[in-house]
Amino acid sequence: RRVRGAGETTPPPEPLNETLLTQQRPPLWLTFEMPMRSENGEVQSISVDSSLLAISVRNMETSRENSTDLPQDGQIFSLRQGHHFTHQRFFEELVCYQHDLPGILAAKLQNISTATDNETLKNTSAEQSLLLALGHVLAAPLELYTDAKEFKGVHEVAGVNCSAWAVHHTFRAPFGELVTSARLARLGSRAPSTKSLMQMAKNSTAPKIGDAEIVENVTFCVTPSGELLATNSSRTFAVELVSKNKNSTWMTLWSDFAESIALAAPMHSPKPELFQEAHGVAGGHCVDLTHGTIGETELKA
């Protein structure tokens, strides 16, 4: 699938035959604008543009009257720039902060920069980075979508039919290896840090820690055109406790459940200004808090 160039229009993807809902898992369509609700009731407007390699997330305050007249808190992941921007409302103005990308996304972007001589590899790396970033926003491992081959039925979400595809993924390795691996980092900001997991394991009374295991159960609901309308994921991190007589038991150190459901059918042409970090920002400037800058000095000025 060709990634659009900057400035090209975004025609809606050609839908597959509805009879194929139960027979074929379509590739994801990664250019859209859509309101989604999470498992805790938070509603966000999520916009993705595959040509810009960018994601915009805006919080929607449904409880406030005329809230649309006020700037909204949100964030922008600009993979092409290699930065993450956060927007915070201060009274009736919007303040912007510029950050480094989360570590797992920054590492993935290195693959893109080193693949300039191979256009196919470059496009593949770019799409994988976009999937990782969107998965970070939805707290769902979207990179597992290609492995989701178990059909779980046809459902209606926001008035649109979508087919549910599930995947069960388990990765096991020695505790010391897994707790410092990229697989742990891929779990995102909701997961405990390496230091926290090591401390939790240390607090157990077992004389020895054996293997560790990450288990992920994920379901995706996707239209025949590849529009992702819902995700449901449960993830756990467990360790093997080995006794003196070499009997082992498993202890769960962390578990997480996340869900995102579309509240309306997606639009296929998100507004370009949604991905402009300084759009609507007070002073048209983002305070630079990236590593090695003087952003903290700016905040005190």
Original post:
When you look at Glu33 and Lys271, which way does the salt bridge (charged side-chain N to carboxylate O under 4.0 Å, His left out) test go after all the steps?
Top reply: CA-CA 8 Å; Glu33 180 179 347; Lys271 304 177 186 67; 3.8 Å; yes
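- Of the candidates Ser204, Pro207, Ser248, Leu241 forms a side chain to side chain contact (heavy atoms under 4.5 Å, CB included) with just one, namely Ser204.
- Counting heavy atoms of neighbouring residues, nucleotides and ligands inside a 6.0 Å radius, atom CE of Met200 exceeds 12 of them.
- Using a 4.5 Å heavy-atom threshold, the side chains of Trp29 and Ser225 count as separate.
- Note that CE of Met34 and CD1 of Ile261 are 11.5 Å apart. Values are rounded to the nearest 0.5 Å.
- Atom CG in Leu132 sits 11.0 Å away from atom CD in Glu127 (nearest 0.5 Å).
- By the 4.5 Å heavy-atom criterion applied to side chains, Pro270 and Phe32 are not counted as neighbours.
- Judged purely by distance below 3.5 Å, without hydrogens or angles, the side chains of Ser255 and Thr252 never pair a donor atom with an acceptor atom.
- With sequence neighbours excluded, the residues forming a ring pair (Phe, Tyr, Trp, His ring centres under 6.0 Å) with Tyr145 are Phe220, listed by chain and number.
- Between Thr223 and the options Val157, Asn161, Leu229, a side chain to side chain contact (heavy atoms under 4.5 Å, CB included) holds for only Leu229.
- Here the closest non-hydrogen pair linking His83 and Leu101 is O-CD2, 3.4 Å.
- Pairs engaging residues 228-238 under the side chain to side chain donor-acceptor pair (under 3.5 Å) rule: Asn232-Glu259 [sequence neighbours left out].
- Between the side chain of Arg25 and the backbone N or O of Thr146, at least one donor-acceptor pair lies under 3.5 Å.
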**OP:** Apply side chain to side chain donor-acceptor pair (under 3.5 Å) to Thr194 and Thr180, showing your working.
**Re:** CA-CA 6 Å; Thr194 294; Thr180 57; over 6 Å; no
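- For the pair Ile55 and Leu134, the tightest heavy-atom approach, listed with the atom from each and the gap, is CD1-N, 3.3 Å.
- Taking each heavy atom of Phe275 and Ser47 in turn, the nearest pair found is CE2-O, 3.5 Å.
- With contacts defined as side-chain heavy-atom distances shorter than 4.5 Å, the pair Leu138/Met36 qualifies.
- Ring centroids of His136 and Phe77 are separated by less than 6.0 Å, placing the two rings close together.
- Under a hydrophobic clustering in which Ile, Leu, Val, Met, Phe, Trp and Tyr are joined whenever their side-chain heavy atoms come within less than 4.5 Å, directly or via other members, Val57 and Leu28 fall into the same cluster.
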Original post:
So His291 and Asp100, side chain to side chain donor-acceptor pair (under 3.5 Å) or not? Walk me through it.
Top reply: CA-CA 7 Å; His291 181 71; Asp100 294 314; 5.2 Å; no
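- Note that CD of Gln199 is 11.5 Å distant from CG of Leu253, once rounded to the nearest 0.5 Å.
- Using a 4.5 Å cut-off between side-chain heavy atoms of Ile, Leu, Val, Met, Phe, Trp and Tyr, with links allowed through other members, Leu184 and Met251 fall into the same hydrophobic cluster.
- Counting heavy atoms from C-beta on, the side chains of Gln81 and Glu277 come closer than 4.5 Å.
- Distance check, rounded to the nearest 0.5 Å: CG of Leu197 to NZ of Lys202 gives 14.5 Å.
- Side chains of Gln88 and Asp73: a donor-acceptor N/O pair is absent below 3.5 angstrom, by distance only.
- The side chain to side chain donor-acceptor pair (under 3.5 Å) test applied to Thr205 returns no partner, not counting sequence neighbours.
- With hydrogens and angles left out, the side-chain atoms of Ser260 and Ser38 include no donor and acceptor closer than 3.5 Å.
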Original post:
For Thr170 and His168, what are the C-alpha separation, side-chain angles and deciding distance, and is it a side-chain contact (heavy atoms from CB on, under 4.5 Å)?
Top reply: CA-CA 7 Å; Thr170 300; His168 172 85; 3.2 Å; yes
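- Annotation: side chain of Asn59 is not in contact with side chain of Val43 (no heavy-atom distance under 4.5 Å).
- In this structure the side chain of Met60 reaches within 4.5 angstrom of the side chain of Pro35, judged on heavy atoms.
- Considering all non-hydrogen atoms of both residues, Trp250 and Ala238 come closest at CZ3-O, 3.7 Å.
- A donor and an acceptor atom, one from each side chain of Gln75 and His84, are located under 3.5 Å apart.
- Ring-plane geometry between Tyr97 and His99 is classed as tilted, the angle between the planes lying from 30 to 60 degrees on a 0 to 90 degree scale.
- By the rule that hydrophobic residues join a cluster once side-chain heavy atoms approach within less than 4.5 Å of another member, Leu30 and Val160 end up as members of one cluster.
- Looking only at side-chain heavy atoms (C-beta outward), Arg58 and Leu274 come within less than 4.5 Å of each other.
- When all heavy atoms are compared, the tightest approach of Lys152 to His155 is O-NE2, 3.4 Å.
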Subject >> Worked verdict on Arg183 versus Leu178 for side-chain contact (heavy atoms from CB on, under 4.5 Å) >> reply: CA-CA 7 Å; Arg183 287 185 179 272; Leu178 186 55; 4.2 Å; yes
Original post:
Can you list the steps and then say if Glu150 with Trp165 is a side-chain contact (heavy atoms from CB on, under 4.5 Å)?
Top reply: CA-CA 5 Å; Glu150 181 184 355; Trp165 298 91; over 6 Å; no
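- If you take CG on Leu53 and OG on Ser129, they are separated by 7.5 Å, rounding to the nearest 0.5 Å.
- In this structure, a donor-acceptor pair under 3.5 Å is present between the side chains of His268 and Glu227.
- Here Glu216 contributes atom CD and Glu143 contributes atom CD; the two are 7.0 Å apart, rounded to the nearest 0.5 Å.
- Put simply, the side chain of Val215 does not reach to within 4.5 Å of the side chain of His169, judged on heavy atoms.
- Ile46 and Leu79 fall within a single hydrophobic cluster, where Ile, Leu, Val, Met, Phe, Trp and Tyr side chains are chained together by heavy-atom contacts under 4.5 Å.
- Linking Ile, Leu, Val, Met, Phe, Trp and Tyr whenever their side-chain heavy atoms come within less than 4.5 Å leaves Leu144 and Ile214 in two separate clusters.
- Heavy-atom minimum distance, Phe85 versus Gln98: CE2-OE1, 3.3 Å.
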